[in-house]
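Reviewing the structure listed below.
Positions are given from 1 along the sequence. Note that these values count all heavy atoms, side chains included, but never hydrogens, waters or copies made by symmetry.
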Amino acid sequence: QVQLVESGGGLVQPGGSLRLSCAASGLPYDYYAIGWFRQAPGREREGVSCFSSSDGRTYYTDSVKGRFTISRDNTKNTVYLQMDDLKPEDTAVYYCATDKYLYCSSYAFHKPERYNSWGQGTQVTVSS
């Protein structure tokens, strides 16, 4: 059974940085794809980024390009989301999830229906 545990959220001032971690266990195959999503109060869950372990490809939604970086520590089966130059509109609960097709889709990585296992989420608050 796949388990995902997010950590690293917190309160940060605008312009600051945070690094989120997604520790994965029970992955059934050698290859996987993990996406990061976020959900602010009263808003739909939004796809932020995706990482494919098979080819190392990464994808980002437009609003975070140039500020967020997704990466992996293969030895720990952990995917990170480095978030720099944070803005108040980045405030949300951040979730990681596994893509059921085992790769990130360039045009659909942001769609929650592609993902079948989810973590519990970690709160990120950007405020002065």
Side-chain angles (χ1 to χ4, degrees):
Q1 183 176 356
V2 175
Q3 287 194 319
L4 302 172
V5 179
E6 302 97 334
S7 61
L11 173 64
V12 64
Q13 292 186 343
S17 298
L18 283 174
R19 188 178 79 159
L20 304 183
S21 300
C22 174
S25 61
L27 295 171
Y29 306 106
D30 290 341
Y31 294 119
Y32 58 88
I34 286 181
W36 281 99
F37 286 75
R38 64 187 180 186
Q39 188 165 21
R43 302 191 66 177
E44 293 186 353
R45 191 164 295 193
E46 174 190 23
V48 174
S49 183
C50 190
F51 173 86
S52 285
S53 72
S54 59
D55 56 12
R57 292 189 178 188
T58 58
Y59 299 94
Y60 302 92
T61 193
D62 286 347
S63 63
V64 307
K65 284 180 180 177
R67 301 189 298 122
F68 290 12
T69 304
I70 192 170
S71 63
R72 172 190 66 168
D73 182 337
N74 193 38
T75 62
K76 298 180 181 179
N77 259 3
T78 298
V79 173
Y80 302 100
L81 186 68
Q82 177 68 39
M83 306 186 296
D84 298 318
D85 189 24
L86 282 161
K87 304 177 180 182
E89 51 264 41
D90 295 317
T91 295
V93 178
Y94 283 70
Y95 302 88
C96 62
T98 52
D99 188 303
K100 59 187 173 185
Y101 300 106
L102 308 180
Y103 74 96
C104 301
S105 167
S106 61
Y107 58 88
F109 74 91
H110 60 286
K111 296 184 177 182
E113 56 264 35
R114 281 188 64 92
Y115 299 81
N116 54 0
S117 294
W118 294 81
Q120 82 290 348
T122 185
Q123 175 71 47
V124 171
T125 303
V126 184
S127 175
S128 55

Applying side-chain contact (heavy atoms from CB on, under 4.5 Å), run through Leu86 and Phe68 and close with a yes or a no.
CA-CA 9 Å; Leu86 282 161; Phe68 290 12; 3.8 Å; yes
Can you name the salt bridge (Lys or Arg N to Asp or Glu O under 4.0 Å) partners of Asp62, sequence neighbours left out?
Lys65
Give, for atom OG1 of Thr69 and atom CE of Met83, the distance between the pair rounded to the nearest 0.5 Å.
11.0 Å
With hydrophobic residues grouped by side-chain heavy-atom distances under 4.5 Å, do Tyr60 and Val79 end up in a single group?
yes
How close do Arg114 and Ala108 get, counting heavy atoms only, and between which atoms?
CD-O, 3.1 Å
Ignoring hydrogens and geometry, is there a side-chain-to-backbone donor-acceptor pair from Ser52 to Cys104 under 3.5 Å?
yes
Tell me whether Val93 is reachable from Tyr115 by hopping between hydrophobic residues (I, L, V, M, F, W, Y) whose side-chain heavy atoms are closer than 4.5 Å.
yes
Single-linkage hydrophobic cluster Leu4~Leu81, side-chain heavy atoms < 4.5 angstrom
yes
What's the separation between atom CG in Leu27 and atom CD in Gln3, rounded to the nearest 0.5 Å?
10.5 Å
Smallest heavy-atom separation, Ala92 atom then Gln123 atom, equals O-NE2, 3.5 Å
Determine whether a donor-acceptor pair (N or O, by modelled atom type, separation under 3.5 Å) exists between the side chain of Glu6 and the backbone of Leu20.
no
Is Trp118 reachable from Phe51 through a run of I, L, V, M, F, W or Y residues, each pair having side-chain heavy atoms under 4.5 Å apart?
no
Look at the side-chain heavy atoms of Ile, Leu, Val, Met, Phe, Trp and Tyr, link any pair under 4.5 Å apart, and say whether Val124 and Ile70 land in one connected group.
yes
Are the side chains of Ser25 and Asn77 in touch, meaning some heavy atoms are under 4.5 Å apart?
no
Hey, is CG on Asp55 packed in by over 12 heavy atoms from elsewhere, all under 6.0 Å?
yes
Run the side-chain contact (heavy atoms from CB on, under 4.5 Å) check on Phe109 and Arg57 step by step: do they pass?
CA-CA 12 Å; Phe109 74 91; Arg57 292 189 178 188; over 6 Å; no
Test your reading of the model: is there a side-chain donor-acceptor pair from Lys87 to the backbone of Val126, 3.5 Å cut-off?
no
Testing the basics here: between Ser53 and Asp30, what is the closest heavy-atom pair and its distance to 0.1 Å?
OG-O, 4.1 Å
Exercise: identify the closest heavy-atom pair between Pro14 and Ser127
CD-C, 3.6 Å
Atom CG in Leu18, atom CG in Asp84: separation rounded to 0.5 Å?
9.5 Å
Would the distance check show the side chain of Thr122 and the main-chain N or O of Ser7 forming a donor-acceptor pair, the cut-off being under 3.5 Å?
no
Contacts under 3.5 angstrom, residues 34-50 side chains, donor-acceptor by atom type, not counting sequence neighbours:
{"from": "Arg38", "atom 1": "NE", "to": "Glu46", "atom 2": "OE1", "distance (Å)": "2.8"}
{"from": "Arg38", "atom 1": "NH1", "to": "Asp90", "atom 2": "OD1", "distance (Å)": "2.9"}
{"from": "Arg38", "atom 1": "NH1", "to": "Tyr94", "atom 2": "OH", "distance (Å)": "3.0"}
{"from": "Arg38", "atom 1": "NH2", "to": "Glu46", "atom 2": "OE1", "distance (Å)": "3.4"}
{"from": "Arg38", "atom 1": "NH2", "to": "Ser63", "atom 2": "OG", "distance (Å)": "3.4"}
{"from": "Gln39", "atom 1": "OE1", "to": "Arg45", "atom 2": "NE", "distance (Å)": "3.2"}
{"from": "Gln39", "atom 1": "OE1", "to": "Arg45", "atom 2": "NH2", "distance (Å)": "3.3"}
{"from": "Gln39", "atom 1": "NE2", "to": "Arg43", "atom 2": "O", "distance (Å)": "3.1"}
{"from": "Ser49", "atom 1": "OG", "to": "Tyr59", "atom 2": "O", "distance (Å)": "2.8"}

More than 12 heavy atoms of other groups within 6.0 Å of Gln120 CD:
yes
